[in-house]
Amino acid sequence: MSKTPLRGLVAASVLAACALAQDPGALDAQITEASIRGPLSFLADDLLEGRGPGTRGDALTRLYIRTQLASYGLLPGGVEVQAEGASDEEGDAETAPTRSWDQPVPILGITSKVTTPMTVTGPSGQRITFEAPSDFTADAARPDPKTAWKNAGVVFVGYGITAPEEDWDDFGDMDLTGKVLLVMNNDPESDDELFAGKRRLYYGRWSYKYEEAARRGAVGAIVIHTTPSAGYPFQVIQSGHEREHFWLPFQDGEPTLALRSWCSEEAALRMCALGGHDLVTLRELAESRDFTPVDLGITIDMATDNEVRRIDSGNVAGVLPGSDPELKDELVVITAHFDHLGIGPEKNGDTIYNGALDNASGCAAVLNLARVCASLPEAPRRSLMFLFVTAEESGLLGSKFFAFNPTWPRRQIVADFNVDGLNIWGATEDLEMIGYGKNSLTAVAEAVAQRRGRRIEPNKQPELGLFYRSDHFSFARIGVPAAYFKAGSDFLERAPQRRRVKASYTTVRYHQPNDEFDARWRLGGAVADARLILECLLNVANADEEPTWTAGDEFEKLRDR
Ligand SMILES: [Zn+2]
């Protein structure tokens, strides 16, 4: 496990003094079970139809959030708009642009249908045709009506990772233009010192594999599924086949793949064997730093027809300007995604995927923080942004759009805290921090927790790579130190029973229509966690120094000075 950065500890002791000046006790009293329950139950109501991007529920949710933020007295933090009524002709000085509460987020939905199944041809013309979705899944990764691999050479690239900080490069100088890459999921297993041991880094995620393949000029990539490397069985991947996938609009010149694919381990074995290669041996080679890509001597064909539609959603942002002339241009962000899955397949007579915990609860927390911060007699030194992002469930699209098109100068964004799911099961001593030790926000949270007689725990399932699966990750990708708070599990009362109920949420309610608000929820834990997060937010906003990445962290190189 990563060590606490020393610089962060020094900063934290300064911060603790600041915190007392804020009188957290008085602020705490403003966050109550009722003040969480109100917005939570509203956003989770059936009338909002599961808040699917581009739906009426989406529009109503944004209207509600922006109305709340305005009522607290915050300033709009969305895109610049020309003020109505201002006229250049009259030489009016009032033509300075004002801001909207919203940042429009355009989204593309792409649904692919396989028209030519994956067909692999060996050196002497032997051929294997694979079936979808039993052997493979595929979808277009560019918004064209038809996409294909035609007679493309297949190259095994091991883990498909280039990580200078680990002195690791799977690609060498092989030209991969027009190739299809066969790639292993996860990251090297052979050495615990490498790639943070069992803790999954972004290099281990399938999305990284596709992005890197596109950067290399490949036309496609096939990720080899194994249950241990993915963390879930092949059925999970099969269930996404020929479903709609969501994207941000593509930029001119942005590298894209024609098709991206997963295949079963069995299919990968047969594919390699057709070219006279043994997948088991290839995988052993891939564990070494000396690995170089292996041209498998086979070609591959596949084609899909694609339906592309445009969906319009948006992020909503409220800003509290900072009070320190030196630091007010710097921004501390707190995010919660407001979208959920909308209306979907019927389960037990219900089609509305309310997403009460995920993430009406997080929105309720951030609305509370916004209200309390807006009521402070003196604003914190740095500016604060309360950012409600769309399309998290569609691939973190709202936060990604914000990160790459920020409504605040990018280098002046100094931290992001994210809330995705509150504790609805009762107060705990601990609070989980996803991204524990990755940056100095850990030390801030630890100091606050300690003062409150609580403690911060790293995520208990580091192999799941949760750091890459909610909106703070979009900020990490642009170099902004970010962290994500999640409910603890060390319950103060009736611990074994409550731990069981909490665990059952993931298996029974997560991403199902029955993630519904229940008046019996024990929101005492949510209140305690929101208070703790509020103090963290204020401490970072008031600190002398901006947060930093831990030396050697995978995202440190992205923070320009
Ligand atoms: Zn969520």
Side-chain angles (χ1 to χ4, degrees), residues 36 39-45 48-53 55 57-58 61-62 65 105 107 205 207 231-232 236 240 246 313 315-316 333-344 352-369 386-403 416-425 431-435 459 461 464-477 482-488 502-517 521 525-526 529-530 533:
I36 297 274
L40 200 179
S41 60
F42 178 87
L43 291 169
D45 196 274
L48 293 182
E49 298 171 344
R51 307 182 305 281
T55 65
D58 168 319
T61 301
R62 285 189 280 145
I65 291 171
V105 178
I107 296 167
R205 298 270 301 160
S207 45
Y232 39 79
V236 172
F246 298 95
S313 186
N315 300 323
V316 185
V333 181
I334 180 150
T335 42
H337 74 87
F338 67 78
D339 66 298
H340 194 60
L341 302 170
I343 293 175
I352 298 175
Y353 289 64
N354 304 74
L357 181 87
D358 184 10
N359 187 29
S361 70
C363 291
V366 177
L367 283 169
N368 269 268
L369 303 189
F386 305 90
L387 177 62
F388 298 81
V389 292
T390 187
E392 189 269 355
E393 307 287 9
S394 316
L396 316 183
L397 296 185
S399 58
K400 186 179 173 194
F401 188 83
F402 181 90
D416 174 57
F417 287 110
N418 183 50
V419 190
D420 192 353
L422 283 185
N423 174 353
I424 56 166
W425 304 281
L431 182 63
E432 273 194 23
M433 196 161 186
I434 317 294
N459 182 233
Q461 295 166 290
L464 292 182
L466 289 184
F467 192 77
Y468 316 100
R469 292 169 58 180
S470 191
D471 296 300
H472 58 289
F473 171 55
S474 297
F475 286 84
R477 294 185 87 167
Y484 163 25
F485 289 103
K486 239 182 148 38
K502 184 186 175 207
S504 80
Y505 169 82
T506 310
T507 49
V508 179
R509 297 180 189 272
Y510 174 71
H511 284 194
Q512 301 297 327
N514 63 358
D515 178 6
E516 286 180 313
F517 174 70
W521 279 356
D529 292 354
I533 296 168

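In each ligand, atom 1 is the first atom listed, and ligand 1 is the first ligand listed.
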*Is the ring centre of Y353 less than 6.0 Å from the ring centre of H340?*
no

*asked:* Is H340 close enough to the Zn ion (ligand 1) that one of its N, O or S atoms comes in under 2.8 Å?
replied: no

_If you round to 10 degrees, what value do you get for the angle at the Zn ion (ligand 1) between D358 atom OD1 and H337 atom NE2?_
90°

*Are side-chain N/O atoms of H337 and D358 paired as donor and acceptor at under 3.5 Å?*
yes

_Can you tell me how the ring of H472 sits relative to the ring of Y484, calling it parallel under 30°, perpendicular over 60° and tilted otherwise?_
tilted

*Quick one: do the N418 and T335 side chains pair a donor with an acceptor below 3.5 Å?*
yes

*Provide the atom name of the closest N, O or S atom of D420 relative to the Zn ion (ligand 1).*
OD1

